[in-house]
Structure formats: structure tokens, C-alpha cells
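The structure appears right after this line, and notes come after that.
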Protein chains: 2
Amino acid sequence: MSIFNFSLNKVSPQPVYEQYALQLRALIEREVLKEGEFLPSEFELASQWGVSRPTVRRVISELANDGFLIRRHGIGTSVLSNARRRTPAYHGVFEELQLDGRNPKTEVIGFARIDLSKENAISLELPVSSEVVRIQRTRSIDGVPLAILSNLIPVDISEKISRTDLQEHGLYELLDRAGHKPFSGTQKIGARTGSISERKRLSLELDKAVLTIDRITRDMHGRVIDLGNHVYRAERYFVEMAIGKENGGEFL
Amino acid sequence: MSIFNFSLNKVSPQPVYEQYALQLRALIEREVLKEGEFLPSEFELASQWGVSRPTVRRVISELANDGFLIRRHGIGTSVLSNARRRTPAYHGVFEELQLDGRNPKTEVIGFARIDLSKENAISLELPVSSEVVRIQRTRSIDGVPLAILSNLIPVDISEKISRTDLQEHGLYELLDRAGHKPFSGTQKIGARTGSISERKRLSLELDKAVLTIDRITRDMHGRVIDLGNHVYRAERYFVEMAIGKENGGEFL
DNA sequence: TAGTGGTCTAGACCACATT
DNA sequence: ATGTGGTCTAGACCACTAC
């Protein structure tokens, strides 16, 4: 009985390649299949699984794209080490990454319609006369202020979000629920010396640095649903991310 | 004569799907195919191109993955707007992005073997006794200092790189040439107040902020080939990136 | 030479959205 | 009912790597 004897639900709407990919992925994650180990050839897998080779290839492609497997022409398909694996990019790491046991808190310090400045109107791609809502929040951990979050959101979307929601949930989660799932966007990460009001809010010492993140978020239809300006205490926050093939390129 | 009458080089080692994908992509980028416009159905394209439907699907998949096209079941395949498009993540944006007409310069201020500190040995996954080379560079634009780049590189790799190479080319380009193509990695972006020596090197005013990028780069075999610590003048540098499905997730 | 993955074909059946 | 994309099959030939 091979470890590749996977189960297949033929009535499930989940496609075959997805079912097998999930099970194969689990084998790798649980290290039943260890680093460097080779998979049976595509022909063998096709016969073992009772599917065609294109389907086997699709399964393997899924995992190869996620960096779990590497295919080498003329050699075979083997398991990549954790180190070689491209972990999914992930952002917004928090101090030493440990949220467990911490006590994060969000305070909503502003939730009101504002007049749109000309430049913000352009960024949001709205007519200058449009109304937007400015949401201002502070985030703290164990009572220590961490960040000031300021977001501009079109009025019609903001109406689906309440002030109390914001204390319990992330903005993106709420936008999603409101039917505006964040889909794409751009962000700039920069640094500067904190301003007077930022120093006050973040309990910063004089002239200490802050990390800034400015982002534009769009829903699936390309509509701008959020314009965020976030300011973090630099000593307690950094952004961590995986870098892979596409987003390589040397930094200047 | 349809705009989809692409050319096909049958002797080229470049696969068919890639040749067609490139030409289709060009149509979209030049806006011959405009936002919202529909492609012929996969069957029609297969017949026009003289290839099978799976090949057509592969062509379309390439562009759909890059966010140029969107496929909707039962409806068809259409061109995404620039806004909806997920532009490839790209980092290391420079002032206002304009390198054109600028005069970037790299000065190598250090290129020597050093004793490996214990913590760096662990990061590079080398025995503590191993020797590494520390490369220190400064980058400036039009005579204005922009960044201090410090990299640790295993000795055997550094031997394939010369000091003069570094003045002309990027480190990653040189690593690539040396047979250690950067493959994956992790980086942390943070901010802090510049140290005394950094203030001097970057001509920073007292207590000005710097943006820091620390990265670990690995080659295809999972070997650590670079440990970089980069410090940028915050007023003149920021990191810009696209955010998509995978690397979404709310920032804390 | 044998075995591997890479590409491609020519179909089939299905689920989905529109008419 | 029609046409679309989504899945899957059962082959074929090629290019690459090892032996």
C-alpha cells in the first residue's frame, strides 16, 4: 500500500486535481515525504491514481508553483527543502511575531465624513465633490501604542460598516463582508521622523523614527475601496515578506 | 485579417503557448485590445491559431495569472483594466521612480574577509569557523548619498566577484553570473533613527530616520548566498509593491 | 538506451450564464 | 437552447539526463 493511495470523492464539486494536490501537499507538510525525496514518475502516478497524465501534471504543477516540489527535466520531481520553498508572502509582522498571549486592542478615534481634498479625490478616483469617510484608529498591544491607522473610504461603502465593528474586526475583513473584497492594490513603505501629534499618540521620544505604509486597495471591479495611511512605531514593528522569482530585482 | 493572426516560429525552441502569450500580451499592453474587450472563444482561437484548445487555454492562463485577462465561466474571457490588473510586485523604488537622466553611482568601500560572528554564522547557516566576505557599498544619485549596502557572502562565491565588477553591476546580477542565481529569500523592512556613522555617510541631519532592509537570499539549491543589511535615507527612498490575493491580509 | 518531464493534439462531458 | 469556460482523457512526439 503506497503512501500515494489517495482518496477521491467523485461526487464532490472539488476537481480531482485539487483533491490530490491537497493530499500530496499534506504529505509534504507532515514530512511523510521528506526533503529531496522523489515522487514516482508522472506515468506511475497516473496509473496509481487512475487518472490521466495531464491531470497528474496539474496536481504537480499546483505544488511546484507553491514551491513544494521541483521538477527537473530528465530527472524527476522531488521535494524542496523548507529553505528552498517559497513561503507565501506575508506582511505586517509584529514585534517578534508573537501575538499569542498578547492583548491587541483597536480604538476608533474618528469615524466621520470629511471634505475630500483634491489630491485624495484623485487618488480615490472620485469627483472632488464626493464625500468620503475618514476612519482613524489606534492599535496597541498590552497597552503600548503601536500604530495610527487612517483610512479614507467611499461613503456608500462606509455605511455598511459600524464603529463598533471596527473595534472587533480588521477593516479588510469588514470590507469583505460588505461585498467589497480587497482584490489588488499598491503600497509604499517608507520611513520618517514622527510628527508632533504622532509622537504624542505613539508615546514616541523626540525625533524617533516611524515606519509608514500608504496603500490603495481596490475590489475585483477595480474600484478604489480604501486609501490607507498607516504610521507605526519603528522599534516595535517591521514588515516581513518572502521574495521570489517575480518580485526579485535588486534594490537600489 | 484578425488582430489575432499571430506569427508562429515552428522551429524555435520557444513553445507555442509562450509565443502566442507574448503576442497577446503585447496587444493588451499596446491597448489594441482595450479594457473590457472580449477575446474570441477558446474554440475560435484554437481554429484561428491552428492549435488545440488546451494550448489556447495555456496561453490564456499565462495572461490570466498575470492579471491581464479575466475568465468568467459561461461568459467569456475579457481584458482587465489597468487598475484591476495585478502588476508584478516590484521593489526598490527610487525617489520619484525616475532613474532616467540621473547619475547613479556605486562606491565599494569595503571588500574583505571577516570573522563570522556567531549570530551571522547561524543566519548564513555556516559553521562558526567559516570565512565570509563583507562587501560594503554606498549608492548615490547625482552625488547625493542614498544608501549604505552591507552584504555578507560565502568566500567561495565571493571569489567569482571582483571589486570593480561591483562598481558597474548590481550584486544580484553578479551572483547570477557566478552561477548562484537568487531564487528565494526573506526580507524585513523597518525603520529607525540613523546611527552616528550612518548619519555621516548619508549626510543625514541629526536624528533623521532611515529605512532598513535586511534580507537573506538563497539560490535554487537552498543555499544562503547573501545576507544583506541595507540602510537608506528615508526622505529619498521608499519601497513600493503590488499587493494581491496571496500577500494580502491585514496589517496589524 | 531507457526513463524522465515538456509540449501538444483531438476529442469528451460538465457547469455556468445568457437568451 | 446555445455558447462559454472548467475538467479530464488517452494518446503522441520531443528534449533532457543518466547509465
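In what follows, chains are A, B, ... by sequence order, proteins preceding strands, each numbered from 1. Below, each value reflects all heavy atoms present in this structure, side chains not excepted, and no hydrogens, waters or symmetry copies.
For T77(B), whose side chain is taken as the heavy atoms from C-beta onward, the closest listed nucleotide among dC8(C), dG5(C), dG5(D) is dG5(D). Minimum atom distance to the side chain of E44(B) is reached by dT4(D), of the listed dT4(D), dT9(C), dG5(C).
The separation between R71(B) atom CZ and dG3(D) atom P is 21 Å, rounded to whole Å. Put simply, CD on Q14(A) is 10 Å from P on dC8(D), counting in whole angstrom units. Distance L45(A) CG to dG3(C) C1': 15 Å, rounded to the nearest Å. For L39(A) and dT4(C), the CG to C1' distance is 13 Å, given to the nearest whole Å. Taking atom CG on L69(A) and atom P on dG5(C), their separation rounds to 11 Å, with Å as the unit. Separating the CD1 atom of I70(B) from the C1' atom of dG5(D) is a distance of 12 Å, rounded to the nearest angstrom. Rounded to an integer number of Å, the gap from E62(B) CD to dG6(C) C1' is 13 Å. Rounded to an integer number of Å, the gap from OH of Y20(A) to C1' of dC8(D) is 13 Å.
Summarising the geometry, atom OH belonging to Y20(A) is positioned 12.0 Å from atom CD belonging to Q14(A); distances are rounded to the nearest 0.5 Å. Distance check, rounded to the nearest 0.5 Å: CZ of R58(A) to OG of S52(A) gives 11.5 Å.
If you check the side chains of R72(A) and S78(A), you find a donor sitting under 3.5 Å from an acceptor. For the residue pair S61(A) and Y17(A), no side-chain donor N or O sits within less than 3.5 Å of a side-chain acceptor on the partner.
Backbone-only engagement by R58(A) is indicated by non-hydrogen atom pairs under 4.0 Å involving sugar-phosphate atoms exclusively. If you check every strand for non-hydrogen atoms under 4.0 Å, P54(A) touches a base.
For the OP1/OP2 pair of dG3(D) and a distance below 4.0 Å, the side-chain nitrogens and oxygens of S41(B) include no atom meeting the criterion. Within the structure, every side-chain polar atom (N or O) of Y17(A) is placed at least 4.0 Å from both OP1 and OP2 of dC8(D). The phosphate of dT7(D) (OP1 or OP2) has no side-chain N or O of T55(A) nearer than 4.0 angstrom.
With L63(B) as reference, I28(B) is the one residue of I28(B), I70(B), L22(B) to meet the side-chain contact (heavy atoms from CB on, under 4.5 Å) rule.
With respect to E159(A) and R113(A), a salt bridge is recorded, a charged nitrogen being found less than 4.0 Å from a carboxylate O.
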Could I get a table of every N or O pair under 3.5 Å where one atom is in the protein and the other is in nucleotides 13-19 of chain C?
residue	atom	partner	partner atom	Å
dA15(C)	N3	H73(B)	NE2	2.7

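Checking side-chain atoms of R134(B) against main-chain N and O of S150(B) turns up no donor-acceptor pair under 3.5 Å.
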